[in-house]
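Just below is one structure, and these are the notes that go with it.
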Number of protein chains: 2
Amino acid sequence: MNASERRQEIIELLNMNSTVLVCDLSKKYDVSEVTIRTDLRLLEKQGVLTRFHGGATKIIDNDDIKSFKELQLEERYQRFIEAKKRIALEAVKQVKEGDIIILDSGSTTMLIAEELVKLKHITVITNSLTSAFILSDNSDIMLLICGGTLRHKTRSFHGKIAEQSLDGISADILFVGADGIDAQRGITTFNEGYTISSVMANVAKKVVAVLDSSKFGRNGINIVLPLNKLDVIITDTSVDSKYKQEFEKQGINLIAV
Amino acid sequence: MNASERRQEIIELLNMNSTVLVCDLSKKYDVSEVTIRTDLRLLEKQGVLTRFHGGATKIIDNDDIKSFKELQLEERYQRFIEAKKRIALEAVKQVKEGDIIILDSGSTTMLIAEELVKLKHITVITNSLTSAFILSDNSDIMLLICGGTLRHKTRSFHGKIAEQSLDGISADILFVGADGIDAQRGITTFNEGYTISSVMANVAKKVVAVLDSSKFGRNGINIVLPLNKLDVIITDTSVDSKYKQEFEKQGINLIAV
DNA sequence: GGCGTCTTTCACTTGCATTCATAATATTTC
DNA sequence: GAAATATTATGAATGCAAGTGAAAGACGCC
């Protein structure tokens with residue numbers, strides 16, 4: 001056993017347990033404590049660990065998220081972000097361990113991804129490149145992505161291939177976003193060709209629409225899903241109370257947070 | 001036994017056991033320790049091993065995707081990244097406007113994505129989540145992603161669904177990375193189940209392997225592609241000239257940059 | 001023989017781990 | 001809470017193993 005091997009092992013030990021002790025290491029490698037201390041001092045200089053009296057502890061740094069922060073800065077994501085965050089927090093309450101979740105593209109669903117990444121033992125299927133990237137940080141989450149061609153405006157995948165990749169899948173819950181909601185037309189969008197949402201709805205046991213209050217009474221050009229496909233709508237408290245009555249009459253649970 | 005033969009054997013020894021000792025090698029080859037040290041110094045310059053007091057250890061640069069921060073932390077990877085960048089620059093020279101490009105996962109191919117994103121009017125098909133994210137910045141690039149389940153270690157998609165999504169596709173060029181290359185076994189990897197690469201190779205008119213010189217003569221556990229599938233190999237100038245002859249004899253164009 | 005490559009010898013430097021003395025930091029005790 | 005005691009840290013000095021560079025020798029090759 002040479003010096004660099006020993007140091008490498010100390011790093012690995014630190015990854016297993018979060019602390020190591022000088023006296024333990026000294027016995028383990030049969031070298032003097034002084035030697036261990038020089039090792040630890042060296043590794044501290046390299047930024048691998050922090051020293052404390054009698055031992056050392058692991059440094060955990062998580063700077064990689066920065067690039068996603070930049071993404072959030074895009075102004076369309078900035079609007080109503082506080083409301084959307086509350087909606088996302090409420091949405092993940094619907095999820096339990098072991099669930100298979102389908103996540104549509106959109107700014108609110110992206111925030112849901114940021115909450116979902118904190119969980120474990122769930123399966124997420126998404127057509128959103130951004131959400132996929134966020135979720136890929138957690139190896140306790142099984143991640144499936146719909147293939148197909150990228151729609152740059154929304155950084156999501158659509159088209160025949162994307163829809164085909166949902167074939168034979170059965171999910172517990174679908175989170176779907178939209179640009180507008182209306183008692184007659186259901187949830188709508190200004191972008192064309194969001195037929196994938198209806199495919200998603202067909203394979204999910206429970207459909208949850210997430211949209212902030214500004215979307216109510218607004219009508220997009222394209223129908224994404226008719227109201228009868230929805231089970232739950234989560235929105236913010238600024239929503240007009242008349243909508244709550246209207247939707248609950250149709251058997252949809254409207255949650256305002 | 002001449003010098004280069006001995007050095008080749010040292011590399012092979014390192015692939016078997018992960019470390020070698022100067023005194024052992026000195027006895028084994030009946031040369032002075034000084035000679036062995038010069039051998040090891042030379043091989044270190046080539047990026048095949050790292051020296052430590054009394055011996056040397058194998059460099060494990062399995063071509064997994066790491067963030068640049070991680071790469072910079074381990075200074076032993078630093079010299080590879082310069083070579084890999086040059087390789088990536090050379091690789092994109094093979095691309096012309098209108099091309100349909102398949103991009104495998106891996107750190108070198110990720111650097112190719114960073115070059116490709118500067119182009120326009122190309123189509124890129126990839127199974128790498130990271131590369132997809134990089135390429136999604138440019139709306140002049142048509143981006144197709146292979147669906148399927150995510151392999152967290154490499155942030156890429158593999159399995160049946162990923163392979164099926166290549167069905168019916170015809171591409172002009174494939175860029176494929178690897179952990180090792182060998183005249184007998186072709187290109188290999190330490191990770192299991194990279195069968196998608198051969199599917200990619202089957203639908204591409206031209207197959208370009210990108211790997212730095214340290215991968216030559218090294219053998220991964222799993223065969224990715226046999227040599228007869230390759231058209232071009234791009235590597236760095238530290239590659240042993242004997243490989244150039246060997247591969248060109250088999251009709252493969254080896255470019256060293 | 002003259003040239004180049006490889007290898008060795010030799011003097012010197014660097015790196016690693018130990019001991020010992022001293023300083024800093026916990027812990028105990030009153 | 002402060003003094004006494006025990007534990008841990010640091011720095012300098014030492015010895016030894018290993019590494020380096022320069023010069024000289026060995027070997028093969030026109």
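Reminder, nothing fancy here: chain letters follow the sequence lines and each chain counts from 1.
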Query - Under 3.5 Å side-chain donor-acceptor pair for B:T109 and B:D104 - result: no
**Report entry** Contact state string [nucleotides 13-20 of chain C, B base, S sugar-phosphate only, - no protein heavy atom under 4.0 Å]
**Finding:** --S-SBB-
**Report entry** Polar contact flag, side-chain donor to acceptor under 3.5 angstrom, B:T35-B:S32
**Finding:** yes
Query raised in the report: Would you say the side chains of B:S156 and B:N127 form a donor-acceptor pair under 3.5 Å?
Result: no
Report summary line: Heavy atoms of B:I102 and B:V203 approach each other most closely as CD1-CG2, 3.6 Å
Query raised in the report: Is there a donor-acceptor contact under 3.5 Å linking the side chains of B:T50 and B:E44?
Result: no
Query raised in the report: Partners of B:K229 by salt bridge (Lys or Arg N to Asp or Glu O under 4.0 Å), sequence neighbours excluded?
Result: none
**Report entry** B:F133 six-ring centre to B:R155 NZ/CZ under 6.0 Å and within 45° of normal
**Finding:** no
Query raised in the report: Which is true for A:Y29 with a 4.0 Å heavy-atom rule: it touches a base, it touches only sugar-phosphate, or it touches nothing?
Result: nothing
Query raised in the report: Atom CZ of A:R41 and atom P of C:dA24: how far apart are they, to the nearest Å?
Result: 14 Å
**Report entry** Side chain proximity check, B:L14 to B:K58, heavy atoms < 4.5 angstrom
**Finding:** yes
Report task. Check every nucleotide of DNA chain D for an atom under 4.0 Å from a heavy-atom of chain A, then give the first and the last such nucleotide from 5' to 3'. Result -> D:dT8 to D:dG11
Query raised in the report: For B:Y243, which residues count as a ring-ring contact (aromatic ring centres under 6.0 Å, His included) partner, sequence neighbours excluded?
Result: B:F216
Requested in this report: Provide, to the nearest angstrom, the distance between the CZ atom belonging to A:R51 and the P atom belonging to C:dA26.
Outcome: 12 Å
**Report entry** Pair listing, salt bridge (Lys or Arg N to Asp or Glu O under 4.0 Å) test, anchored in residues 18-31 of chain A, at least two apart
**Finding:** none
Query raised in the report: When you measure from every atom of DNA chain C, which of residues 16-28 of chain B have a heavy atom less than 4.0 Å away?
Result: none
